[in-house]
Amino acid sequence: MQTEARVGVVNPSPGGGRRGNNGVETTSLKLKQQQQELLQAQKPQIGTVSQLLAGGVAGALSKTCTAPLARLTILFQVQGMHSDAATIRKASIWREASRIVGEEGFRAFWKGNLVTIAHRLPYSSLNFYAYEQYKKLLYMFPGLESHGKSMSSDLCIHFVGGGLAGITAASATYPLDLVRTRLAAQTNVTYYRGIWHALRTICKDEGGLGLYKGLGTTLLGVGPSIAISFSVYESLRSFWQARRPHDSTVLVSLSCGSLSGIASSTAIFPLDLIRRRKQLEGAGGRARVYTTGLFGTFKHIFRTEGFRGLYRGILPEYYKVVPGVGICFMTYETLKMVLADVSTKL
């Protein structure tokens with residue numbers, strides 16, 4: 001009788017059997033919420049420096065592992081700028097990879113990787129750290145602190161927090177991202193000899209604002225990209241751990257990270273392609289190709305290269321992002337656990 005009275009208050013409905021079913025559903029929901037709270041409490045807690053270190057190492061390691069595919073993606077993305085239609089039609093991953101090995105050597109796959117690491121260390125550190133801080137801040141908003149355990153509010157917080165974190169990190173480290181793109185896009189002619197030479201040359205040829213060429217497009221793309229990546233990752237990981245709590249953290253992080261990378265790359269790839277081409281405008285003294293803004297560039301590519309032109313290089317991007325994002329999240333979660341264990345022993 002006491003059970004029936006309690007269930008009747010939760011969801012009053014005619015018929016005793018129906019109330020009993022609602023009672024089972026309510027109990028099951030409470031058990032799931034308790035399980036998620038327990039998993040949240042078991043997450044490793046680390047300090048600011050350790051968190052920045054974990055994020056930076058995770059980003060640098062994942063980028064180094066996937067550098068050859070990242071360079072192939074960039075070369076495919078910028079083909080439509082100065083290539084004719086016949087050259088574009090003949091392009092393939094194997095042909096481009098063979099050309100790089102034959103003309104530049106195997107080490108050329110990692111061309112620009114030093115600046116990639118120099119960019120990824122602060123970018124990934126800020127990205128992960130800002131994401132955790134934005135999440136805490138968003139949970140403090142009126143109304144969210146009482147509904148923070150619901151799936152919809154969690155998804156919203158992960159999406160908004162991820163977007164803000166991506167914009168913060170991208171804005172702070174953008175000049176290094178631009179230099180990385182220009183170094184990786186060089187083929188036979190070496191115009192930029194290294195990071196510092198590229199920074200000085202860009203400032204001299206294009207002015208200080210040249211270091212932020214394409215920033216608007218970048219922020220427009222990186223916000224949704226990181227938002228989708230973090231929200232899909234967190235949702236998949238919570239779903240997985242709620243049903244299989246004893247699975248390896250490494251396996252969960254690697255799998256969920258890979259799927260989140262595919263989702264975010266597919267959604268924002270056209271913006272990323274336009275961003276790369278904007279970054280290369282005026283590089284090496286070449287004439288400008290796109291004289292309009294974002295939408296004008298979008299229409300120009302669509303008109304001259306078709307819809308496929310907006311997704312030029314998506315295949316090597318998938319090959320890169322599946323292991324790359326997976327490795328990044330896996331390394332971050334693993335380092336958090338290791339650093340948390342070290343801090344408790346000190």
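The structure presented is a predicted model; accordingly, all values stated were derived computationally and were not measured.
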Which value, rounded to the nearest 0.5 Å, describes the distance between [X] atom [atom1] and [Y] atom [atom2]?
X    : Y    : atom1 : atom2 : value
I228 : I262 : CD1   : CD1   : 13.5 Å
M330 : C256 : CE    : SG    : 13.0 Å
I301 : L273 : CD1   : CG    : 5.0 Å
D247 : S253 : CG    : OG    : 11.5 Å
R276 : T218 : CZ    : OG1   : 8.0 Å
Y129 : L52  : OH    : CG    : 6.5 Å

Using a 3.5 Å distance criterion without hydrogens, assess whether the side chain of [X] forms a donor-acceptor pair with backbone atoms of [Y].
X    : Y    : answer
Y123 : A118 : no
H158 : D154 : yes
S260 : Y233 : no
T64  : A60  : yes
H119 : V115 : no
S264 : S229 : no
T331 : A58  : no

Identify the two heavy atoms, one from [X] and one from [Y], that lie closest to each other, and give their separation to 0.1 Å.
X    : Y    : result
S124 : C328 : OG-SG, 4.3 Å
S171 : Y212 : O-CE2, 4.4 Å
P224 : I268 : CB-CG2, 4.0 Å
I327 : C65  : CD1-CB, 4.2 Å
F329 : G257 : CD1-CA, 3.7 Å
L178 : G210 : CD1-O, 3.5 Å

Under a single-linkage definition using a 4.5 Å side-chain heavy-atom cutoff for Ile, Leu, Val, Met, Phe, Trp and Tyr, are [X] and [Y] assigned to the same hydrophobic cluster?
X    : Y    : answer
I226 : V322 : yes
F159 : Y134 : no
L215 : L199 : yes
L114 : W196 : yes
L126 : I167 : no

Hey, does Y191 have a side-chain heavy atom less than 4.5 Å from the side chain of L183?
no
Do [X] and [Y] pair up side chain to side chain, a donor and an acceptor below 3.5 Å, judged on atom types alone?
X    : Y    : answer
Y319 : T66  : no
N127 : Y332 : no
E317 : S265 : yes

Any ion pair linking E234 and K135 (charged N to carboxylate O, less than 4.0 Å)?
yes
Between I100 and L75, does a side chain to side chain contact (heavy atoms under 4.5 Å, CB included) hold up when you go through it step by step?
CA-CA 11 Å; I100 291 171; L75 290 174; 3.7 Å; yes
Would R182 and E206 count as a salt bridge (Lys or Arg N to Asp or Glu O under 4.0 Å) here? Give the steps.
CA-CA 14 Å; R182 294 199 176 185; E206 305 166 52; 2.6 Å; yes
Using the salt bridge (Lys or Arg N to Asp or Glu O under 4.0 Å) rule, take E305 and R277 through it: C-alpha gap first, then chi angles, then the decisive distance, then the call.
CA-CA 14 Å; E305 303 173 51; R277 295 192 180 185; 2.7 Å; yes
Residue that, paired with R275, satisfies side chain to side chain donor-acceptor pair (under 3.5 Å) out of T297, T181, D177:
D177
Step-by-step salt bridge (Lys or Arg N to Asp or Glu O under 4.0 Å) determination, E96 to R71
CA-CA 10 Å; E96 188 63 24; R71 184 163 189 234; over 6 Å; no
Is R107 positioned over the aromatic face of F109, cation under 6.0 angstrom from the ring centre and no more than 45 degrees off axis?
no
In terms of relative ring orientation, are Y311 and F307 parallel, tilted or perpendicular, with 30° and 60° separating the classes?
tilted
List the steps and the verdict of ring pair (Phe, Tyr, Trp, His ring centres under 6.0 Å) for F230 and F128.
CA-CA 10 Å; F230 272 119; F128 278 106; 5.7 Å; yes
Report the residue from L310, T73, V321, I274 that forms a side-chain contact (heavy atoms from CB on, under 4.5 Å) with F269.
T73
